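Here the structure is laid out as structure tokens; the discussion comes afterwards.
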Amino acid sequence: MALTAVKGFNDILPDESGRWQYIEQTARRVFELNGFGEIRVPVMEKTELFCRSIGDATDIVEKEMYTFVDKGENSVTLRPEGTAGVMRAFIEHKMYAQDPIAKLYYMGPMFRYERPQKGRYRQFHQIGAEITGVNDPLADAQVLNMLTSFFREIGLTEPTLQINSLGCPECRPAYRAALRSFLEGRMGHLCEDCKRRFATNPLRTLDCKVPGCVEATAGAPSVLEHLCNDCDEHFGSVRRYLDLSATPYSINSRMVRGLDYYTRTTFEMVTGLLGSQSAVAAGGRYDGLISQLGGPAIPGIGFAMGLERVALLLGAQDFATVPDLFIATMGKGERDVAFCLMDGLLKAGVRVEMDYEGKSLKSQMRRADKLKARYSVVIGENEVTSERASFKHMADGVQTDTALTVAAVRSLVGKSAQ
RNA sequence: GUGGCUAUGGUGAAGCGGUUAACACAUACGACUGUGACUCGUACAUACGAGGGUUCAAAUCCCUCUAGCCACCCCA
């Protein structure tokens, strides 16, 4: 292979893009129904944006970003996630001046320098949604319900919702201290990574899969028992709203997030079908992010889902569209007539294919079959003079004689459409 | 970043040191002589991921690299 794509960067070929469009269209429909509008932001931002939002000490910022210096000597980074850029735009355009409540969604490629695996690539795609300006847990519940209905609409039952609360700057330090003192006595049982995490981010130890750590942290204090009154009430309301709308969920008090900006409600849509790539969508509240980025003190909540993973869950369903009609011609003389008929039908919204290169009738019919055309028609001298032709319904071989006019063909071919 | 496994045509694959790289699917053309799907015929890898080496002889053994997969890690 002389020239190949960059490692971890993939092509999406036409036989697969139908599935992607289906996911995107479903998301647009569900999100817009909920009052969200699309925002399109650049794939590249100043590096500082991500350091300040995601957190300097996170793995993403520390070792996974595509960061480089451009010709103007600015440090820029290919976005590793979407929320930071959307919030940057929200602040930069002072969108809050008109209305602090913004409901935004986005979709597009994200970039992270990780070891590629199934369901995890260096260029991957996310669809995300954000609500700003609402403190009330109603917003949390709407976001969760919207995410749940997206998966229902798309026809998947597998990813299931898990929720948790990470508390706020008021109560999290206390919890962290409680967890530390719990872990202190069990340091000997923790893996090397967790010993390090003890200092940097003790909450991570709860998420460790090493058997020894799972055992050692079995009786660890739960975040949920250390929430301050406001956070506890908030979380309770989220649950109540979810119950009111009969949204299924489970509570996972060990769920942690890899991005530093999350507060209070956090959640994941998880599946057991994707190996270690269990998170299909994830998100949470980020009440401090906007002010942290230099904007006003406006809260926010949102999520992102991984398109590659959703596509994997959908499996190899066939989303290909199929021609309504294939026009075959007997000889060069009839091609003008065929071309004009095709042109007229295309303008009338009928999907038509015809032979491009004057192949044998046999070849043309084979092609009609291969393309799964619903109807085929052969145009020769007889048809041209009589201005009528037999249209063959490919599935059962039944032929119908009809005038060679756009209107007549359209009504014949359109009859059994869909 | 750390382990492990794998690597033959468009695809799935045989081949396990010795003349023309099996087979199937897909593709192209043709036969059935103005109509596809079944059947039949023909064509289709200067070549076995790349580069070195061992050998009289390598797709088959060894080394390096690259890529993919799986697990860890991380996360969507």
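Chain letters run A, B, ... following the sequence lines, proteins first and then strands; every chain starts at 1. Only a predicted model underlies this, so the values are computations on that prediction, with no experimental measurement involved.
With both ends at atom P, the span from B:A24 to B:U6 equals 29 Å, rounded to whole Å. Comparing B:U8 with B:A59, their C1' atoms sit 7 Å apart, to the nearest whole Å. The C1' atoms of B:C44 and B:U11 are separated by 14 Å, rounded to the nearest whole Å. For the P atom pair drawn from B:C61 and B:G15, the interatomic distance equals 13 Å after rounding to whole Å. With P as the reference atom, B:G41 and B:G52 are 42 Å apart, rounded to whole Å. The separation of B:A13 from B:G17, taken at their P atoms, amounts to 22 Å, rounded to a whole angstrom. Rounded to the nearest Å, the gap between the C1' atom of B:A58 and that of B:C48 is 11 Å. Here, B:A47 and B:G30 have their P atoms 30 Å apart, quoted to the whole Å.
Atom C1' of nucleotide B:G36 and atom NZ of A:Lys372 are separated by 13 Å, given to the nearest angstrom. Rounded to a whole Å, the CE atom of A:Met330 is 9 Å from the C1' atom of B:U35. Regarding A:Lys370, its NZ atom lies at a distance of 16 Å from the P atom of B:C25, rounded to whole Å. Atom-to-atom, CD of A:Gln364 to P of B:C29 comes out at 10 Å; the value is rounded to the nearest Å. Look at CZ on A:Arg374: it is 16 Å from C1' on B:G36, rounded to the nearest Å. For the pair A:Arg367 CZ and B:G30 P, the computed distance is 15 Å after rounding to whole Å. A:Lys359 has its NZ atom 13 Å from the C1' atom of B:G30, to the nearest Å. To the nearest angstrom, P of B:U35 lies 15 Å from CD of A:Glu334.
At a cut-off of 3.5 angstrom, counting only N and O atoms as typed in the model, there is a donor on one side and an acceptor on the other between the side-chain of A:Glu383 and the base of B:G34.
For A:Phe267, there are no ring pair (Phe, Tyr, Trp, His ring centres under 6.0 Å) partners at least two apart in sequence or on another chain. Legend: residues meeting salt bridge (Lys or Arg N to Asp or Glu O under 4.0 Å) with A:Asp369, ordered by chain and number and at least two apart, are absent. The side-chain contact (heavy atoms from CB on, under 4.5 Å) search around A:Glu38 returns A:Arg28, A:Arg40, A:Tyr105, A:Met107, not counting sequence neighbours. Taking A:Arg335 as the reference, nothing meets the side chain to side chain donor-acceptor pair (under 3.5 Å) condition, with sequence neighbours excluded. Judged as a ring pair (Phe, Tyr, Trp, His ring centres under 6.0 Å), and not counting sequence neighbours, the contacts of A:Tyr261 are A:Tyr286. Shown here are the side-chain contact (heavy atoms from CB on, under 4.5 Å) partners of A:Arg180, two or more places apart in sequence or in another chain: A:Arg176, A:Phe198, A:Pro202. In this view, A:Arg88 and A:Glu45, A:Glu92 satisfy the salt bridge (Lys or Arg N to Asp or Glu O under 4.0 Å) rule, not counting sequence neighbours.
A:Glu62 comes within 4.0 angstrom of nothing in the nucleic acid, heavy atoms only. Within the nucleic acid shown, A:Ser390 has no heavy atom closer than 4.0 Å to any nucleic acid atom.
Using a 4.0 Å cutoff on non-hydrogen atoms, no part of residues 141-151 of chain A comes near RNA chain B.
Side-chain polar atoms of A:Glu158 and A:Thr271 form a donor-acceptor pair below 3.5 angstrom. Residues A:Thr400 and A:Thr402 have side chains that never bring a donor and an acceptor to within less than 3.5 angstrom of each other.
Contact annotation: A:Ser363 reaches the phosphate of B:C29 (side-chain N/O to OP1 or OP2, under 4.0 Å).
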Expected string for nucleotides 65-76 of chain B under the B/S/- scheme (protein heavy atoms, under 4.0 Å, primed atoms plus P, OP1, OP2 as sugar-phosphate) is --SS-SBBBBBB
Can you pull every protein N or O that's under 3.5 Å from an N or O on nucleotides 37-42 of chain B?
none

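The salt bridge (Lys or Arg N to Asp or Glu O under 4.0 Å) pairs that include a residue from residues 267-290 of chain A are A:Asp140-A:Arg285, A:Arg257-A:Glu268, A:Arg285-A:Asp287, where partners are two or more places apart or lie in different chains.
More than 12 non-hydrogen atoms from other residues, nucleotides or ligands lie less than 6.0 angstrom from CZ of A:Phe9. Residue A:Glu381 places its CD atom among 12 or fewer non-hydrogen atoms of other residues, nucleotides or ligands, all under 6.0 Å distant. Atom CD of A:Glu170 has 12 or fewer neighbouring heavy atoms from other residues, nucleotides or ligands inside a 6.0 Å radius.
With the 3.5 Å cutoff on both pairing distances, Watson-Crick and G-U pairs in RNA chain B assemble into runs of at least 3 at B:1-7 with B:66-72, B:10-12 with B:23-25, B:27-31 with B:39-43, B:49-53 with B:61-65.
For the pair A:Arg122 and A:Tyr113, the cation-pi criterion (under 6.0 Å, within 45° of the ring axis) is fulfilled.
When all heavy atoms of A:Glu334 and A:Val384 are compared, the pair lying nearest together is CG-CG2, 3.7 Å.
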